[in-house]
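Shown next, in structure tokens, is the structure this report addresses.
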2 protein chains.
Amino acid sequence: MPDSPPSLDSVQLGAYFDLIEVTSLLRHAVEQQLREAGDLSYVQFQLLARLGDSPTGGHRMTDLADGVVYSRSGLTYQAGLLEKAGLVVRAPSPDDERSVTVTITDAGRALLAQVLPGHVEVVSSLLFAPLSRDDVTVLARLLAPVRDHMRSTPPRSAAPRRRSD
Amino acid sequence: MPDSPPSLDSVQLGAYFDLIEVTSLLRHAVEQQLREAGDLSYVQFQLLARLGDSPTGGHRMTDLADGVVYSRSGLTYQAGLLEKAGLVVRAPSPDDERSVTVTITDAGRALLAQVLPGHVEVVSSLLFAPLSRDDVTVLARLLAPVRDHMRSTPPRSAAPRRRSD
DNA sequence: GTTTACTGCTTCGAATTCAAATGGTGCGTT
DNA sequence: AACGCACCATTTGAATTCGAAGCAGTAAAC
């Protein structure tokens with residue numbers, strides 16, 4: 001017989017559905033704000049934010065793509081747009097000739113600073129408004145192990161297919 | 001002075017980022033499983049699941065779109081695909097001539113039953129594996145008020161634009 | 001040192017998404 | 001009853017997305 005019929009109890013099911021719905025709604029709201037405030041898509045904002053966080057202001061393409069959970073070809077496309085807009089610069093990496101290092105420009109930092117307050121405002125008022133300070137702490141403690149677990153779980157396709165394929 | 005400079009403390013920021021990352025990773029994994037198990041996109045699965053839950057097996061287009069947080073035109077497209085695949089049927093609503101009622105077919109229910117176990121398996125092993133039973137209960141209790149708050153918060157565009165526009 | 005396998009990025013084509021514009025239908029007002 | 005306004009769904013066109021294929025550069029094996 002197959003390994004224990006997988007099932008989710010009603011609490012799990014509700015948590016799962018709510019998780020999906022909450023992030024969908026949040027993403028829509030944020031997307032709209034970013035479009036209005038700086039003509040940025042959510043992905044573009046994520047990329048700029050990640051670059052802005054980096055001490056050097058730069059990242060390799062692949063690491064950047066992994067960081068925002070995005071396809072490599074998609075990143076190439078977005079990097080092209082951002083570069084055309086003068087928000088980032090692409091240059092061959094010093095140590096490895098294959099890889100490209102993307103670096104945020106001053107204009108990129110400026111735009112980031114321009115849209116950030118509104119972004120924070122949306123997240124605050126939509127996601128954190130109904131939560132107390134303690135609630136947020138608890139939520140963070142719940143999410144961290146899930147994040148680590150997911151990061152360390154190879155995306156199915158990467159799992160070595162032993163036999164029968 | 002402007003309303004209190006909005007900002008997120010480090011705990012909030014971490015929770016927000018983890019939330020985005022966790023759902024992105026989860027979505028990718030689920031998407032892949034659904035594609036393999038039944039050649040369904042995530043949206044299509046959500047639509048079928050919602051229809052399958054309905055007592056009548058049917059929903060109006062708009063309600064369906066709102067339920068899965070999706071654009072109306074996008075839903076028209078997906079409903080067309082699902083109908084072509086014989087998984088749903090579209091018919092004019094009995095009471096309101098303008099609206100269309102989408103109803104799941106037996107084939108749709110069958111496919112849903114076919115992909116569901118794998119879907120549950122992915123969600124279980126990826127999202128719930130690192131969480132105890134109590135953790136999930138706490139998570140559910142945190143998400144519910146956020147969900148309700150977001151549902152009752154009109155999507156910016158619907159908010160009446162007072163001045164300066 | 002050459003061959004072979006692997007990594008990193010880009011290009012290409014197909015599929016999906018959304019916003020804006022279109023065509024009907026219901027509903028309240030005049 | 002005709003009008004105006006709001007709502008429902010679809011069509012259309014542009015933009016974005018991904019996977020597969022292609023093109024380097026790098027590392028490993030022999």
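Chain naming here is simple, since letters A, B, ... match the order of the sequence lines and numbering starts at 1 in each.
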Looking at the side chain of A:H28, which of C:dC18, C:dT16, D:dC7 is the nearest nucleotide? C:dC18

Can you tell whether the side chains of A:D63 and A:R60 come within less than 4.0 Å, N to carboxylate O? yes

State plainly whether the residues B:R133 and A:D9 are in salt-bridge range, i.e. N to O under 4.0 Å. yes

Greater than 12 external heavy atoms within 6.0 Å of A:D106's CG: no

In this structure, are over 12 heavy atoms from other groups packed under 6.0 Å from A:R35 atom CZ? yes

Distance check needed: [N] [atom2] versus [X] [atom1], whole Å only.
X: B:L82; N: D:dA9; atom1: CG; atom2: P; result: 16 Å
X: B:R90; N: D:dC8; atom1: CZ; atom2: C1'; result: 13 Å
X: B:D95; N: D:dC8; atom1: CG; atom2: C1'; result: 12 Å
X: B:L34; N: C:dT16; atom1: CG; atom2: P; result: 14 Å
X: A:R60; N: C:dT10; atom1: CZ; atom2: C1'; result: 16 Å
X: A:D96; N: D:dA24; atom1: CG; atom2: C1'; result: 11 Å
X: B:L64; N: D:dT10; atom1: CG; atom2: P; result: 11 Å
X: B:E97; N: C:dC27; atom1: CD; atom2: P; result: 12 Å

Under 4.5 Å between any side-chain heavy atoms of B:R72 and B:M61, yes or no? no

Hey, are the side chains of B:L112 and B:L40 touching, using non-hydrogen atoms and a 4.5 Å cut-off? no

Between A:R98 and A:V69, name the one whose nearest nucleotide on DNA chain D is closer to the 5' end. A:V69

Nucleic acid contacts - residues 70-80 of chain A versus DNA chain D, non-hydrogen atoms under 4.0 Å: A:Y70, A:S71, A:S73, A:Y77, A:Q78

